[in-house]
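Throughout, protein chains are lettered first and strands after them, A, B, ... in sequence-line order, and every chain is numbered starting at 1.
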Amino acid sequence: MRMPQGKKATIKDVAREAKVSISVVSYVLNSSTEKSISPATRDRVMEAAKRLQYVPNRAASGMRRKHSMVIGVVSYWELDVLVFTDMMKGITRKSSAANYRILFCHRESKQDDVSYLQYCQDGSIDGIVFIAPYESLGLIDEAFHIRQMKEAKVPFVVLNGSTHEDGVSYINVDYCGSTYLATSYLIGKGHKDIAYVAPLELHYTELERRLQGYQDAMSNSRLPVRCHDVKELPDCLHGLKAVVTNKSDTAHSVLQAAHKLGIDVPRELAVIAANTEAYSSYLFPPLSTVRIPAERMGELAVETLLEQLTGAAEPKLIMPPCALEIRQTC
DNA sequence: CAACCAACCCATAGGCTCCA
DNA sequence: TGGAGCCTATGGGTTGGTTG
């Protein structure tokens, strides 16, 4: 049997070709263990499907299953940020392993635009992974979006959230753990005089947690805390032996200031940043960092959402551990 | 056990009846 | 005649129940 040009084979065509009913085709192609199908019939169906180049119609199966098998990803991140691309890798990997596809909604400037909700309401997607932007960017009112998703009764998970809404699952960056790890590494290398450099005048959850991680590591080792605002560069570097920064861009400023003052990194000054950027390894010297487990976060977001979709989920807060990426600045 | 039937999903289009 | 409202078939699948 040959399909007319431009017409795709359906399950009926396969059934006719294999001389079975369409239900048998469905059982065979879905590898159902509920029904026993003889190996000969199974082979006949598989061959017919192959011959007719049959591809199941997801819209039709979604109609019956009442699931689109599509996850919506709403993101406010710039597409070229390493953490974001890593999150997407994790989301994509986990989704496709569960036979789900991704519908990506990139929101740019309209902070109160919740039109993505309509995709869930019209059945185009089953749930949402909401990737919140850094609070410091001031792009959106995260709590507002969460309220809207709750009111729309949309299953969702928040990645990189800065709020604490009841009944909501968050997969967050362990900001506190990132600076704790960076500081502990320098302490382990024998440093005692370690300063923290960051935009201290800003008061966002992320920055406060990072400062907390540094302070915890220092006080656990009974070492004096010393903090400098980025604006104090380059003067604050005089006499310093080691620096932890909140992010790679702050570390970049530190490296530039050190260069200006003729300070040799890492011989005279050790530097480590509490996050990794795509350019971190291309700085001079290549910057030692703490890597945010963004891929794992993406996977956990999908896992958590799928649990919600099967109705077996309790709201949770997960912060997978960060890891050191030691290069040449310490 | 192997295979099939029939109900079901839901938006849409087309057909039919009724009434003004 | 034509508009409103209702009913039914259709599309391509899945799955519980039934038959031989």
Item checked: Aromatic ring pairing A:Y175/A:Y134, orientation class (parallel under 30°, perpendicular over 60°, tilted between) -> tilted
Item checked: Interatomic distance, A:N57 CG vs C:dT10 P [rounded to whole Å] -> 18 Å
Next item on the list: Could you check how far NZ of A:K12 sits from P of B:dC4, rounded to whole Å?
Entry: 16 Å
Item checked: Between C:dG12 (C1') and A:R16 (CZ): distance, integer Å -> 13 Å
Next item on the list: Measure from the side-chain heavy atoms of A:Y27 and tell me the nearest of C:dT15, B:dA3, C:dT14.
Entry: C:dT15
Notebook entry, point to check: Would A:K89 count as a cation-pi partner of A:F84, with NZ or CZ less than 6.0 Å from the six-membered ring centre and within 45° of the ring normal?
Noted result: no
Check: Among B:dA3, C:dG13, C:dT14, which is the nearest nucleotide to the side chain of A:S26?
Finding: C:dT14
Margin query: Rounded to whole Å, how long is the line connecting atom NE2 of A:H67 with atom P of C:dT14?
Written below: 14 Å
Note to self: Determine whether a donor-acceptor pair (N or O, by modelled atom type, separation under 3.5 Å) exists between the side chain of A:T289 and the backbone of A:T276.
What the structure shows: no
Next item on the list: For the residue pair A:Y116 and A:H145, confirm or rule out a side-chain donor-acceptor distance under 3.5 Å.
Entry: yes
Checklist line | d(CD1, A:I22; P, B:dC8) in whole Å | finding: 16 Å
